[in-house]
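Okay, so here's the structure we're looking at.
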Amino acid sequence: MEVIDGVDALPAGLRFVATLGIFDGMHRGHAAVLATTARHAAELDAVPVVITFEPHPDAVLRGTTPPLCCDADEKLTRIGASGIATVVVQPFDAAFSQQSAEDFVERLRRGRDLRGLVMSSESAFGHDRAGTARTLRHLAEEEGWRLVELPTLERAGGRVSAGRIRELVERGRLRAAADLLGRPYAVTGEVVHGDARGRELGFPTANLRFPADVALPPNGIYAVRAAWGGDDPLSPEHTADGVASLGVRPTFGGGGNRLLEVHLLDFDGDLYGEDMRVEFVRRQRGEKRFGSADALVRQMERDRERAREILAASR
């Protein structure tokens, strides 16, 4: 898969079918859109192209972004794995946000052969999100390219969307979120130095720092699977089962920022600086304040053994 910086860098003369969106989470709805794009490209003897945006448009339009459901590198890897030949990462700024949908389509076509555009019924782009499948139908007919509109994917009584997945994760409904994603929910962060309190207690942890605000489930203890190393987020060099603590560590004062600390089972090594993907399998219990460090250690031992049971049963 080729990654291109901006639509203006698409090759001259390119014959292509495009789709565009944020693709946060790369959920089942996104998979349907990408599969449709690849199929129509094959029918039209064209290259399938995905256009996504960086930063998240809300950062420009609203001054803030929602917690993300997918790491940027994982998103691109999953797009490529779906059969898409080219991904355009389009810089999104104030000037770009003012561009009309018609002007953007003309920008795509300039010196190239746009054969088709795939949109879901929820898709919209251009200034004030005026470019929808309905409003662009006349343009497709005039210019001779195929406009494909997909119905919104419904699952488990609602629309499959990043917003819905985010809400489910934040409410702790990990199984429902996994159903919409087509895989367990996971976050990716850099392993950084902490205060070594876990190691002092006999439970060394990998403390994760995230490059952006990510959607996280409620505070508590979780059975997890971790992966790190290698150039492909979907084919890591190393994997390990683990038990993770998410919260503010109330036994030691609490009140600070939320931390995700992962204790890997049967592993002892230096992971500082690694990008680690942590897959949430099941919540074991809520966060609790203990009267002493010894009481906390005893509970952590029980949590570790319970995580082993959960992870063994979930394979």
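Numbering of residues begins at 1 and proceeds along the displayed sequence.
- The backbone N or O of Leu10 lies less than 3.5 Å from a partner atom in the side chain of Arg112, making a donor-acceptor pair.
- Looking at heavy atoms from C-beta onward, Arg209 lies out of side-chain contact with Val191 at the 4.5 angstrom threshold.
- We find the CD-CD distance between Gln99 and Glu106 to be 10.5 Å, quoted to the nearest 0.5 Å.
- Atoms CG and OG, from Leu153 and Ser161 in turn, are 10.5 Å apart once rounded to the nearest 0.5 Å.
- Annotation: side chain to side chain contact (heavy atoms under 4.5 Å, CB included) contacts of Glu237 (sequence neighbours excluded): none.
- Judged as a ring pair (Phe, Tyr, Trp, His ring centres under 6.0 Å), and not counting sequence neighbours, the contacts of Trp228 are His238, Phe267.
- Judged by distance alone, with hydrogens and angles left aside, the side-chain atoms of Arg173 form no donor-acceptor pair with the main-chain N or O of Val169 at under 3.5 Å.
- Pairs of residues two or more places apart, or lying in two chains, that qualify as salt bridge (charged side-chain N to carboxylate O under 4.0 Å, His left out) and include a residue from residues 115-129 are Asp113-Arg115.
- Atom CZ of Arg107 sits in a crowded spot, with more than 12 heavy atoms from other residues, nucleotides or ligands closer than 6.0 Å.
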Test log, rule salt bridge (Lys or Arg N to Asp or Glu O under 4.0 Å), inputs Arg306 and Glu309:
CA-CA 5 Å; Arg306 179 59 179 148; Glu309 296 170 1; 3.1 Å; yes

Donor-acceptor contacts, no H, no angles, side chain residues 241-248, under 3.5 Å, sequence neighbours left out:
from: Asp241; atom 1: OD1; to: Arg315; atom 2: NH2; distance (Å): 3.0
from: Asp241; atom 1: OD2; to: Arg315; atom 2: NH2; distance (Å): 2.2

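- Between the side chain of His56 and the backbone N or O of Ala59 there is no donor-acceptor pair closer than 3.5 Å.
- Listed by chain and number, the hydrophobic cluster partners of Ile79 are Met1, Val3, Phe23, Met26, Leu34, Val50, Leu76, Ile84, Val87, Val89, where partners are ILVMFWY side chains within reach of under 4.5 Å, directly or through others.
- Between the His40 side chain and the Thr37 main chain, no donor and acceptor come within less than 3.5 Å of each other.
- Scanning both residues, Gly25 and Leu181, for their nearest heavy atoms gives O-CD2, 3.4 Å.
- With hydrogens and angles disregarded, a donor-acceptor distance shorter than 3.5 Å links the side chain of Thr135 to the backbone of Ala130.
- Side-chain contact between Leu168 and Leu180 is present, with heavy atoms from C-beta onward closer than 4.5 Å.
- Residues Phe210 and Val187 form a side-chain contact, since some pair of their non-hydrogen atoms from C-beta on lies under 4.5 Å apart.
- With sequence neighbours excluded, no residue forms a salt bridge (charged side-chain N to carboxylate O under 4.0 Å, His left out) with Glu301.
- For Ser121, the side chain to side chain contact (heavy atoms under 4.5 Å, CB included) partners at least two apart in sequence or on another chain are Glu149, Thr152.
- Side-chain contact between Met276 and Leu208 is present, with heavy atoms from C-beta onward closer than 4.5 Å.
- Under the 3.5 Å distance criterion, the side-chain polar atoms of Arg15 are left unmatched by any main-chain donor or acceptor of Leu114.
- The shortest heavy-atom contact between Phe16 and Leu108 is CZ-O, 3.7 Å.
- Residues Leu136 and Trp145 come closest through the heavy atom pair O-CH2, 4.4 Å.
- Here CZ of Arg39 is found 10.5 Å from CG of Leu44. Values are rounded to the nearest 0.5 Å.
- Under the ring pair (Phe, Tyr, Trp, His ring centres under 6.0 Å) criterion, the residue pairs touching residues 100-141 are Phe96-Phe104, Phe104-Phe125, with sequence neighbours excluded.
- The distance from the OG1 atom of Thr132 to the CZ atom of Arg137 is 9.5 Å, given to the nearest 0.5 Å.
- The line from CD1 of Ile221 to CZ of Arg302 is 12.0 Å long, rounded to the nearest 0.5 Å.
- Residues satisfying the side chain to side chain contact (heavy atoms under 4.5 Å, CB included) criterion with Ala85, sequence neighbours excluded, are Val47, Pro48.
- Take Arg166 and apply the salt bridge (charged side-chain N to carboxylate O under 4.0 Å, His left out) test, not counting sequence neighbours, and it matches Asp24.
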Any chance you could lay out the side-chain contact (heavy atoms from CB on, under 4.5 Å) test for Ile165 and His27, step after step, and finish with the verdict?
CA-CA 9 Å; Ile165 291 167; His27 51 63; 3.6 Å; yes

In sequence, state the C-alpha distance, the side-chain angles, and the governing distance for Leu61 and Ser97, and then conclude on side-chain contact (heavy atoms from CB on, under 4.5 Å).
CA-CA 8 Å; Leu61 300 175; Ser97 73; 3.7 Å; yes

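- At a threshold of 4.5 Å between non-hydrogen side-chain atoms, the residues Thr205 and Val262 do not count as touching.
- Salt-bridge formation is not detected for the pair Glu154/Arg159: no Lys NZ or Arg NE/NH1/NH2 atom is positioned less than 4.0 Å from an Asp or Glu carboxylate oxygen.
- Pairs of residues two or more places apart, or lying in two chains, that qualify as salt bridge (charged side-chain N to carboxylate O under 4.0 Å, His left out) and include a residue from residues 55-77 are Asp58-Arg62, Glu74-Arg78, Glu74-Arg183, Glu74-Arg277.
- Residues Thr36 and Val148 form a side-chain contact, since some pair of their non-hydrogen atoms from C-beta on lies under 4.5 Å apart.
- Hydrophobic clustering (side-chain heavy atoms under 4.5 Å, transitive across Ile, Leu, Val, Met, Phe, Trp, Tyr) keeps Val17 apart from Ile51.
- Under the 4.5 Å side-chain heavy-atom criterion for grouping Ile, Leu, Val, Met, Phe, Trp and Tyr, Leu147 is connected to Leu139 within one hydrophobic cluster.
- The same ILVMFWY cluster, assembled from side-chain heavy atoms under 4.5 Å apart, contains both Leu20 and Val49.
- With Thr19 contributing its side chain and Met119 its backbone, the two residues share no donor-acceptor pair below 3.5 Å.
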Give the C-alpha distance, both sets of side-chain angles, the deciding distance and a yes or no for side-chain contact (heavy atoms from CB on, under 4.5 Å) between Glu54 and Phe92.
CA-CA 6 Å; Glu54 182 63 35; Phe92 195 97; over 6 Å; no

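- Take Arg146 and apply the salt bridge (charged side-chain N to carboxylate O under 4.0 Å, His left out) test, not counting sequence neighbours, and it matches Glu43.
- Comment: Arg308 engages Glu305 in a salt bridge, judged by a side-chain N to carboxylate O separation of less than 4.0 angstrom.
- In this structure, Leu174 is a member of the same hydrophobic cluster as Leu260, with clusters built from ILVMFWY side-chain heavy atoms closer than 4.5 Å.
- Taking a 6.0 Å sphere around CZ of Arg258, one finds it holds more than 12 heavy atoms contributed by other residues, nucleotides or ligands.
- For CZ of Arg285, the number of neighbouring non-hydrogen atoms (other residues, nucleotides, ligands) closer than 6.0 Å is greater than 12.
- For the residue pair Pro217 and Tyr222, the shortest heavy atom distance occurs at CB-OH, 3.3 Å.
- Side-chain atoms of Gln90 do not come within 3.5 Å of backbone N or O of Asp5 as any donor-acceptor pair.
- Nearest heavy-atom pair, Gln284 versus Asp303, reported as atom, atom and distance to 0.1 Å: NE2-O, 3.0 Å.
- The two atoms that bring Cys69 and Ala162 nearest to each other are SG-O, 3.7 Å, heavy atoms only.
- Here the CD-CZ distance, from Glu261 to Phe203, works out to 12.5 Å after rounding to the nearest 0.5 Å.
- Inter-residue side-chain proximity for Pro233 and Thr188 is flagged as unmet; no heavy-atom pair is nearer than 4.5 Å.
- The same ILVMFWY cluster, assembled from side-chain heavy atoms under 4.5 Å apart, contains both Leu117 and Val7.
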